Amino acid sequence: MYIPDSRELHEECGVVGFYGVDHAATHAFLALQSLQHRGQQGCGMATVDPSGQILLQKNAGLVKEVFTQKDIENLPGTSCIGHVRYPTTNVGGQENIQPFLFSRLGGPFALAHNGNIVNAEQVKKYLEKQGHLFRSTSDSELFAYLIGTTMRQANNWEARITRAANLLDGAFATVILTPHALYACRDKYGFRPLSLGKLGSGYIVASETCALETVGAEWIRDVEPGELLTIDQKGVHSSWHSRTGLHKMCAMEYIYFARPDSVIEGCSVHAFRKQSGRLLQAEHPADADLVTCVPESSMSAAMGFAEASHLPLEMGIIKNIYVARTFIQPTQSMRSVGVKMKLSPVTSIVKGKRVAVIDDSIVRGTTSKLLVQMLREAGATAVHMRIASPPYAWPCFYGIDTGTSDQLLASGRSLQAISDFIGADSLGYLSVDALYKASGRTQLCTACFDGGYPTELYQEPDNK
Ligand code: AMP
Ligand code: SF4
């Protein structure tokens, strides 16, 4: 299969939507904060005010920085959508912060999405061939544009969104707000999570169930792959833009992205991670005195590993939570400094000990290499790295920004070469099979581990 060298948009984000909820913006403010781990670069909210006008506020920064009490008061209304955006190395800029508000494309409507459309270029060309002047660059604008262009063919929102969603291939969990309704849909493969809950007499949709818990909503169900929910005065109405029977939930949601207290399609994220730690121990036991996690994302997996190996789980590494995430630093040297500032070994715990370090994943290898070095400097006599996911060797085209193939440590390298690079005494990765076992699922997207992309990747013939 043709694998393009670079990817375009990177949109690992979080979305929320409210309908029929008093002080919707206040609830969205709380819900977005509980989705903050999905995106820290920027955030925004759009509400429908009592006169039917859509109001929007968005900016760069964390949710608590962007919205003051006054800002929230200036967003009245009982329906709202919100978004948190992930900071990426390639696509920055204020203009990418969502939701987007469209007043001409059949609007007004606001739209926010999480994911990445793989046939964006093809759809743009198709529209251009039909004589549409198309200048947008983002997937959300493409979605909105498609909704706008169907105005003549389809006379209601549900039909318009259905047609637009049907033309798009790839990953999307999208919320759309009009003066009279909230729409929520997932792509036909179901890459990104989206749950529906009840809040008083109204409704909430959110990327993760932890947002439902935060606002005191009751989980109803997950939005299905290919499903479109219309939520309005009449309640919740379900329809389909595509029906494939696929449930290709992103395995990295379970492994790294989602919050451990979230439940994704019936599987608790913490339970998944803990079980993956147990399975990792069964597949790759470590001759160690203690187990430590790399705080906090691998905590649950380390618990499982320690439990299965009957070794103590210790706080061998601590994290400075006030340092920005290392992964996103634009250059490799900045990333390395970032890891050192963020993670420190606890000398009194690791000195003279053989340490099993459990991390959730190795992407570029920056974190693992520095960790091994730090632990040795702190006196660890052996460092055994155990990774609660398979080797990450293929780029993601569905919205997870992990770099191109040449940046992925496991791409084209043997286990020994990876172990030598990070300098560990031993290295063990979880198998793809174990991901299925830990989740109890029969379908997952595991493309970044095995190259089995669930979609076409849309080779660009004129690039060849
Ligand atoms: P690296 O240092 O590049 O090998 O990154 C691996 C570390 O980043 C692991 O400790 C993960 O917890 C974390 N990680 C994995 N995938 C991502 C991602 N897509 N974005 C940000 N951090 C990630
Ligand atoms: Fe998730 Fe990997 Fe699939 Fe991307 S390729 S959607 S990161 S499992």
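Just so it is clear, the structure is predicted and the values come from calculations on it, not from any experiment. For ligands, and for the atoms within them, numbers begin at 1 and follow the listed sequence.
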(message) Please tell me whether S431 and D433 have a donor and an acceptor in their side chains that are separated by less than 3.5 angstrom.
(response) no
Show the atoms of ligand 1 that are less than 4.0 angstrom away from any heavy atom in [X].
X    : value
D401 : 19 (N)
M252 : 16 (N)
T366 : 1 (P), 2 (O), 4 (O)
I362 : 4 (O)

Give me the atom names and distance for the closest heavy-atom approach of [X] to [Y].
X    : Y    : answer
E265 : R441 : OE1-NH1, 2.7 Å
E283 : A434 : OE2-CB, 3.7 Å
H37  : F257 : CD2-O, 3.1 Å
F100 : K58  : CD2-NZ, 3.6 Å
L111 : A144 : CD1-N, 4.2 Å

Can you list the ligand 2 atoms lying under 4.0 Å from a non-hydrogen atom of [X]?
X    : value
A251 : 8 (S)
C250 : 1 (Fe), 6 (S), 7 (S), 8 (S)
C448 : 2 (Fe), 5 (S), 7 (S), 8 (S)
R192 : 6 (S)
M252 : 7 (S)
A447 : 5 (S)
Y392 : 7 (S)

Have a look at ligand 1 and work out which part of [X], if any, has a heavy atom under 4.0 Å from it: side chain, backbone, both or neither.
X    : answer
D359 : side chain
I400 : side chain
S297 : side chain

for atom 3 (Fe) of ligand 2, nearest protein heavy atom and its distance come out as C445 SG, 2.3 Å
Of all protein heavy atoms, the one nearest atom 7 (S) of ligand 2 is I400 CG1, 3.4 Å
Checking heavy-atom distances from atom 1 (P) of ligand 1 to each of R364, K369, Q407, the winner is R364
Min over Y256, Y392, F257 of heavy-atom distance to atom 23 (C) of ligand 1 lands on Y256
- Item | side-chain contact (heavy atoms from CB on, under 4.5 Å) between W394 and F449, intermediate numbers included | CA-CA 6 Å; W394 300 79; F449 309 124; 5.9 Å; no
- Message: Are any of the N/O atoms on V363, whether in the backbone or the side chain, positioned under 3.5 angstrom from an N/O atom of ligand 1?
- Response: yes
**Asked** Among the heavy atoms of G365, does any lie under 4.0 Å from an atom of ligand 1?
**Response** yes
Exercise for review: Report yes or no: does V294 have a heavy atom closer than 4.0 Å to ligand 1?
Suggested key: no
*asked:* Just checking: C396, one of its N/O/S atoms, less than 2.8 Å away from atom 4 (Fe) of ligand 2, yes or no?
replied: yes
I'd like to know whether the aromatic ring centres of F272 and Y254 sit less than 6.0 Å apart in this structure. yes
Just checking F18 against Y203, ring centres under 6.0 Å apart? no
Exactly one candidate in R243, R186, H247 meets side-chain hydrogen bond (donor to acceptor under 3.5 Å, both in side chains) with E224; the answer is H247
